[in-house]
Amino acid sequence: MGSGDAPQAEGSVRVDVWIWSVRLTKTRAQAAAACRAGHVKVGGDRAKPAQSVRVGDEVRLRHAGRDRVVVVSKIVKKRVGPPVAAECFIDNSPPPPRELAIQVPVRDRGTGRPTKRDRREMERLQGRPPEL
């Protein structure tokens with residue numbers, strides 16, 4: 001095992017490298033871009049990609065439409081597998097938002113184009129006001 005292969009209890013690492021290493025983002029470039037865009041906060045302050053992260057720091061990340069709040073428990077310098085990555089942070093994230101299921105009217109195959117009456121019925125079911 002090399003110096004960066006296993007989780008370490010001491011030291012510090014760049015925030016973009018750590019976010020990528022524990023699989024919060026898919027690529028290191030995405031992690032660095034999130035830092036530059038202001039979507040990463042360490043201890044409540046905006047973080048630049050080269051900012052150091054230590055054990056006990058709280059990292060907030062807005063990525064893929066979701067807020068992630070994690071506390072660093074182990075330092076890793078290279079990307080690790082999912083089971084090891086899960087041990088490197090404590091996840092305090094809010095649950096992901098439920099997708100609102102938009103009901104789309106489904107017509108039977110082969111029934112053809114909707115008639116004016118069918119269209120008005122679909123609009124009524126969707127809660128849209130009738131067009132005049």
Side-chain angles (χ1 to χ4, degrees):
M1 267 199 202
S3 64
D5 294 342
Q8 300 173 352
E10 311 175 353
S12 64
V13 68
R14 290 173 54 117
V15 69
D16 62 337
V17 172
W18 187 83
I19 289 171
W20 166 73
S21 298
V22 297
R23 298 177 172 264
L24 293 177
T25 60
K26 195 169 185 177
T27 65
R28 183 169 170 198
Q30 285 178 345
C35 291
R36 284 192 300 273
H39 298 298
V40 177
K41 294 183 180 182
V42 176
D45 298 325
R46 285 178 61 170
K48 292 183 177 180
Q51 181 173 338
S52 295
V53 172
R54 292 180 170 75
V55 174
D57 285 348
E58 180 186 68
V59 177
R60 292 179 174 265
L61 169 69
R62 177 135 182 97
H63 179 68
R66 183 172 177 214
D67 288 326
R68 300 292 305 264
V69 180
V70 296
V71 177
V72 179
S73 60
K74 293 181 183 174
I75 297 294
V76 289
K77 295 182 179 177
K78 294 197 176 190
R79 193 160 171 99
V80 293
V84 178
E87 297 173 358
C88 295
F89 61 88
I90 301 165
D91 196 359
N92 296 330
S93 303
R98 288 187 177 191
E99 296 293 327
L100 298 175
I102 299 173
Q103 295 200 0
V104 178
V106 178
R107 293 183 49 82
D108 293 332
R109 243 186 118 122
T111 57
R113 187 173 170 175
T115 63
K116 185 182 269 189
R117 181 179 179 187
D118 293 338
R119 180 182 54 80
R120 287 183 178 158
E121 182 67 19
M122 285 188 284
E123 287 175 353
R124 186 183 64 78
L125 289 172
Q126 292 175 353
R128 288 193 257 164
E131 295 178 11
L132 298 174

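Pairing each heavy atom of S21 with each of A85, the nearest pair is O-CB, 4.5 Å. Taking every heavy atom of both residues into account, A47 and V15 meet most closely at CB-CG1, 4.3 Å. For the pair V69 and P94, the tightest heavy-atom approach, listed with the atom from each and the gap, is CG2-CD, 4.5 Å. Contact between C35 and D16 at its shortest, heavy atoms only, is SG-CB, 4.4 Å.
The backbone N or O of V42 sits nowhere less than 3.5 Å from a side-chain atom of D45 that would complete a donor-acceptor pair. Counting only distance, with no hydrogens or angles, the side chain of W20 and the backbone of K78 share no donor-acceptor pair below 3.5 Å. In this structure a side-chain-to-backbone donor-acceptor pair under 3.5 Å is missing from R119 to P114. Using a distance-only test at 3.5 Å, with no hydrogens or angles considered, no donor-acceptor pair links the side chain of S52 to the main chain of R14. Between the side chain of S73 and the backbone N or O of E87 there is at least one donor-acceptor pair closer than 3.5 Å.
Taking hydrophobic clusters as Ile, Leu, Val, Met, Phe, Trp and Tyr residues chained together by side-chain heavy-atom distances below 4.5 Å, V55 shares a cluster with V17.
Counting heavy atoms from C-beta outward, Q30 and H63 have side chains that approach closer than 4.5 Å. At a threshold of 4.5 Å between non-hydrogen side-chain atoms, the residues V59 and V72 count as touching. Contact annotation: the side chain of V76 never approaches that of V13 to less than 4.5 Å [non-hydrogen atoms, C-beta and beyond]. R79 places a side-chain heavy atom less than 4.5 Å from the side chain of R23. Looking at heavy atoms from C-beta onward, F89 lies in side-chain contact with R68 at the 4.5 angstrom threshold. Taking the side chain as every heavy atom from C-beta outward, V70 and N92 never approach each other to under 4.5 Å.
There is no side-chain donor-acceptor pair under 3.5 Å between D108 and T111.
Here the straight-line distance linking atom CG of L125 with atom CE of M122 works out to 9.0 Å at 0.5 Å rounding. Taking OG of S12 as the start and NZ of K77 as the end, the distance is 7.0 Å to the nearest 0.5 Å. Put simply, CG on L61 and CD1 on I19 are 5.0 Å apart, with the number rounded to the nearest 0.5 Å.
Between R60 and E58 a salt bridge is recorded (basic side-chain N to carboxylate O distance below 4.0 Å). Salt bridge annotation for E123-R120: absent, with no cationic side-chain nitrogen under 4.0 angstrom from a carboxylate oxygen.
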Check the pair T25, T27 against side-chain contact (heavy atoms from CB on, under 4.5 Å), reporting the backbone distance first and the verdict last. CA-CA 6 Å; T25 60; T27 65; 5.8 Å; no

Let's go through D57 and V71 carefully: what are the C-alpha distance in whole Å and the side-chain angles of both, what is the deciding distance for side-chain contact (heavy atoms from CB on, under 4.5 Å) to 0.1 Å, and is it a yes or a no? CA-CA 6 Å; D57 285 348; V71 177; over 6 Å; no

